[in-house]
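Only this structure's heavy atoms are used, side chains among them; waters, hydrogens and symmetry mates stay out. Along the sequence shown, residues are numbered consecutively beginning with 1.
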Amino acid sequence: MTLMLSPDDAGIARAAELLRAGELVAFPTETVYGLGGDARSDRAVAGIYAAKGRPSFNPLIVHLPDLAAAEDFAEVGPKARRLAGAFWPGPLTLVLPLRPNSGISPLVTAGLETVAIRVPAHPLAQRLLRAFGGPLAAPSANPSGRVSPTTAGHVIEGLSGRIAAVLDGGPCAVGLESTIVLPDPSPVLLRPGGVPVEALEAALGEPLSLGGDAGKPTSPGQLASHYAPEAALRLDATEAREGEILVGFGPVRGALTLSESGDLVEAAARLFATLREADRMAGPDGRIAFAPVPDTGLGRAINDRLRRAAAPRGA
């Protein structure tokens, strides 16, 4: 049975106790709920892959409380340090060279010589990390390839009975996974996310190139088919076809909307919850249509998730 833990000292202490025992605990970040396990424990990390049904070649993000803790496990180059100073804690993941003898399970890195690290801003995540006192591997707390969870209830829907506990911190504020960057020597965007590319480029003073390989991921979030509901998706729709649930944005009105005012921050925060609701409304063999979203700022990350959700299954 999966426990629901309250966001107080007792709940955090119990969550940390379970994690130290090698169990899995879902917890909130400002992006989505993560499925936490001790990143130094092969058993715990293998449990994450098993609970999610996640391919073992798809590496995991390690969560730590601050830059100083990150330096214990990875080498932080000059551009990584600049980005960390600007955006940590926050929805940014940096792919860094793994330190020799770091103690990180090779299952976390999928055998790579780099490790993806994030310092989350959510106060409950910070309190849990400090209570646990170590690195937490934590992909999104949902079955692999399905819609990411932004509430504790979403976690229970997908993983009840497969994990020890969920630390309930309410709905996630950002609602999109972190942006992932390989910062040094030349910065590469591996996944758009909660920090807009424009902000990263302004902090660096140079453009990011695009990278990532769906066949051989170098970071999480690169699989071609991901974030998928049961229903089929059609994108850039301005009206619903027969039998479709239309999700609007701005002037395009639908049965549901990401943001009536066309606000990308609101749309990002509502994306996964709206996708789940549209999937329920569509029913078995249903179809969902999404209105166009501008491909700038957070819209780039929204469109990335929608394209992956709409990709053919098994792609």
Between Glu113 and Leu98, is any pair of side-chain heavy atoms under 4.5 Å apart? no

So, does Glu201 use its side chain to make a donor-acceptor pair with the main chain of Pro207 at under 3.5 Å? no

Do Phe249 and Ser259 come close enough that some side-chain heavy atom pair is under 4.5 Å? yes

Taking atom types as modelled and ignoring hydrogens, do the side chains of Arg191 and Ser178 form a donor-acceptor contact shorter than 3.5 angstrom? yes

What I want to check is whether the side chains of Arg118 and Thr29 have a donor and an acceptor closer together than 3.5 Å. yes

Establish, from distance only, whether the side-chain atoms of Ser6 and Asp8 form a donor-acceptor pair under 3.5 Å. yes

Pro143 and Gly158: which non-hydrogen atoms are nearest, and at how many Å? CG-O, 3.6 Å

Whether Asp304 and Arg300 form a salt bridge (side-chain N of Lys/Arg under 4.0 Å from carboxylate O of Asp/Glu) is what I want to check. no

Using only atom types and a distance under 3.5 Å, with no angle test, would you say the side chain of Arg287 pairs donor to acceptor with the backbone of Glu242? yes

Taking only Lys NZ, Arg NE, NH1 and NH2, and the carboxylate oxygens of Asp or Glu, determine whether Arg146 and Glu157 approach each other closer than 4.0 Å. no

Minimum side-chain heavy-atom gap Asp168-Tyr33 below 4.5 Å: yes

Distance in Å, Ser209 OG paired with Leu182 CG, rounded so as to fall on 0.5 Å steps: 8.5 Å

So which atom in Ala231 and which in Ala282 form the shortest heavy-atom distance, rounded to 0.1 Å? CB-CB, 4.1 Å

Kindly write out the residues that satisfy side-chain contact (heavy atoms from CB on, under 4.5 Å) with Arg253, not counting sequence neighbours, or none if the list is empty. Glu260

For Leu159, does its backbone N or O pair with a side-chain atom of Lys52 as donor and acceptor, under 3.5 Å? no

About how many Å separate CG of Leu275 and CZ of Arg270, when rounded to the nearest 0.5 Å? 13.0 Å

CD1 of Ile117 to OG1 of Thr93, rounded to nearest 0.5 Å, is 9.5 Å

Is any side-chain heavy atom of Val115 less than 4.5 Å from a side-chain heavy atom of Ser102? no

Does this structure show an ion pair linking Arg20 with Glu17, if we count only N-O contacts that are shorter than 4.0 Å? no

Just do the side-chain hydrogen bond (donor to acceptor under 3.5 Å, both in side chains) check on Ser261 and Asp263 with the steps written out, would you? CA-CA 6 Å; Ser261 65; Asp263 183 281; 5.1 Å; no

4.5 Å side-chain heavy-atom contact, Pro192 and Ile302: no

Residue of the set Arg305, Arg276, Glu177 for which side chain to side chain donor-acceptor pair (under 3.5 Å) holds with Ser148: Glu177

Measuring from Asn303:CG to Leu298:CG, what's the distance to the nearest 0.5 Å? 11.0 Å

Between side-chain atoms of residues 79-87 and protein atoms elsewhere (two or more places apart, or another chain), which donor-acceptor pairs fall under 3.5 Å?
{"unit_1": "Lys79", "atom_1": "NZ", "unit_2": "Pro185", "atom_2": "O", "d": "2.8"}
{"unit_1": "Lys79", "atom_1": "NZ", "unit_2": "Glu206", "atom_2": "OE2", "d": "2.9"}
{"unit_1": "Arg81", "atom_1": "NH1", "unit_2": "Glu71", "atom_2": "OE2", "d": "3.0"}
{"unit_1": "Arg81", "atom_1": "NH2", "unit_2": "Glu71", "atom_2": "OE2", "d": "2.7"}
{"unit_1": "Arg81", "atom_1": "NH2", "unit_2": "Val76", "atom_2": "O", "d": "3.4"}
{"unit_1": "Arg82", "atom_1": "NH1", "unit_2": "Leu204", "atom_2": "O", "d": "3.0"}

Restricting to non-hydrogen atoms, name the atom on Leu5 and the atom on Gly11 that form the minimum distance, rounded to 0.1 Å. CD1-O, 3.6 Å

Nearest-0.5 Å distance, OH of residue Tyr49 to CG of residue Leu35: 11.5 Å

Is the shortest distance from a Lys or Arg side-chain nitrogen in Arg127 or Asp9 to a carboxylate oxygen in the other one below 4.0 Å? yes

Got a donor-acceptor contact below 3.5 angstrom from the Glu30 side chain to the Ala121 backbone? yes

Give a yes or no answer on whether the side chain of Glu230 reaches the backbone of Asp279 with a donor-acceptor pair at less than 3.5 Å. no

Verify, without hydrogens or angle tests, whether Thr179 (side chain) and Gly194 (backbone) share a donor-acceptor contact under 3.5 angstrom. yes

Would you say the side chain of Leu264 lies within less than 4.5 Å of the side chain of Val293, judging by non-hydrogen atoms? yes

